[in-house]
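Inspection log for the structure reproduced underneath, given as structure tokens.
For the numbers below, each heavy atom of this structure counts, side chains included, while hydrogens, waters and symmetry mates do not.
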Amino acid sequence: SNTLKINPWEGTCKIEMTPQGVIEVTTGTGDWWGGGLEIQGGHGENLTAFSEGFLHFDIKGHPDLKFNIGFQTGDFLAGTQVNSGIGFGGKSPLKLTNQWKSYKLPIKLADRNQRANLRDVTGLFYLKGDSPKQQQVFVKNIYYSKYE
């Protein structure tokens, strides 16, 4: 496995990990914001064994925030990148609260269009949204499982 990098996409947000292992995201004030945990080294991890599995995480943050959360496959510069995720906030039944809440996202639900190449997972976790003002999201305990 290669090194993970915390990447605020194009400087659109602030994203950092605390000494306690909590990822703190402060959204941007532009048209969009995003960032994630990305695999370095030129190619992604083969997670085909998790195609029937789940992406787990604990999350809390500003209850009004709307964004997508999930994983990425492929390479942006090569034109093969695919964002696979689901929506939080707004009309979604998934909402942020000020208290920690655990989620188990089915890989099949995140990749409902079946476009992801699970042989090349380059972003193990991402957040992307539109926000007219700065708000915060906190994430911890991110992991994949093959079964419930």
Side-chain angles (χ1 to χ4, degrees), residues 1-45 47 50 53-145:
S1 182
N2 286 313
T3 304
L4 287 179
K5 177 183 176 185
I6 296 175
N7 183 14
W9 299 339
E10 299 178 28
T12 58
C13 66
K14 178 181 174 187
I15 182 171
E16 59 189 10
M17 185 174 293
T18 69
Q20 296 77 28
V22 175
I23 298 170
E24 294 182 357
V25 179
T26 303
T27 65
T29 57
D31 293 336
W32 66 278
W33 60 271
L37 301 176
E38 299 175 358
I39 296 172
Q40 301 301 289
H43 60 85
E45 293 287 325
L47 296 184
F50 295 87
F54 301 88
L55 170 58
H56 301 258
F57 55 93
D58 299 337
I59 192 167
K60 71 177 184 175
H62 195 283
D64 294 335
L65 194 56
K66 296 184 290 190
F67 58 95
N68 289 326
I69 195 167
F71 63 94
Q72 294 176 307
T73 60
D75 182 84
F76 177 78
L77 294 176
T80 59
Q81 187 176 62
V82 174
N83 292 344
S84 296
I86 60 171
F88 258 75
K91 295 179 182 179
S92 171
L94 306 175
K95 308 278 187 207
L96 285 180
T97 68
N98 292 320
Q99 302 297 317
W100 287 108
K101 186 169 180 182
S102 297
Y103 285 94
K104 179 172 67 173
L105 172 63
I107 300 300
K108 282 192 172 203
L109 178 61
D111 187 30
R112 60 192 166 278
N113 294 326
Q114 298 180 340
R115 295 183 356 192
N117 176 4
L118 292 177
R119 287 181 179 79
D120 188 24
V121 177
T122 52
L124 293 175
F125 188 83
Y126 81 88
L127 302 160
K128 180 182 183 295
D130 304 321
S131 180
K133 60 183 177 178
Q134 289 187 332
Q135 297 171 323
Q136 288 193 299
V137 179
F138 304 89
V139 186
K140 64 181 181 177
N141 301 328
I142 301 166
Y143 67 96
Y144 285 79
S145 70

Backbone N or O of [Y] within a donor-acceptor pair of the [X] side chain at under 3.5 Å?
X	Y	answer
N7	G36	no
T122	E38	no
R112	G85	yes
Y144	L124	yes
S92	G87	yes

If we only count heavy atoms from C-beta on, is the [X] to [Y] side-chain gap below 4.5 Å?
X	Y	answer
W33	V25	yes
I23	I142	yes
F50	L55	no
Q99	K60	no

Nearest heavy atoms of [X] and [Y], plus distance in Å:
X	Y	answer
C13	G35	SG-N, 4.3 Å
E16	I6	C-CD1, 4.3 Å
A110	L105	CB-CD2, 4.0 Å

Taking only residues two or more places apart in sequence or in another chain, which ones pass side chain to side chain donor-acceptor pair (under 3.5 Å) with [X]?
X	result
N141	D58
Q20	T18
Q136	T26
K108	E52

Requested in this report: Kindly check if the number of other-residue, nucleotide or ligand heavy atoms within 6.0 Å of NZ (K14) is above 12?
Outcome: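 Atom NZ in K14 is not crowded, with 12 or fewer foreign heavy atoms closer than 6.0 Å.
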Query raised in the report: Quick one: ring pair (Phe, Tyr, Trp, His ring centres under 6.0 Å) pairs with a partner in residues 104-138, sequence neighbours left out?
Result: W9-Y126, F57-F125
Just verifying a value: how many Å separate [X] [atom1] and [Y] [atom2], rounded to the nearest 0.5 Å?
X	Y	atom1	atom2	value
R119	E45	CZ	CD	14.5 Å
W32	T12	CH2	OG1	4.0 Å
T29	K133	OG1	NZ	12.5 Å
S84	L118	OG	CG	7.5 Å

Under 3.5 Å, which donor-acceptor pairs link side chains of residues 63-81 to any protein atom two or more places apart or in another chain?
unit_1	atom_1	unit_2	atom_2	d
Q72	NE2	N83	OD1	2.7
T73	OG1	N117	N	3.3
D75	OD2	L77	N	3.0
D75	OD2	A78	N	2.8
T80	OG1	D75	N	2.9
T80	OG1	D75	O	3.4

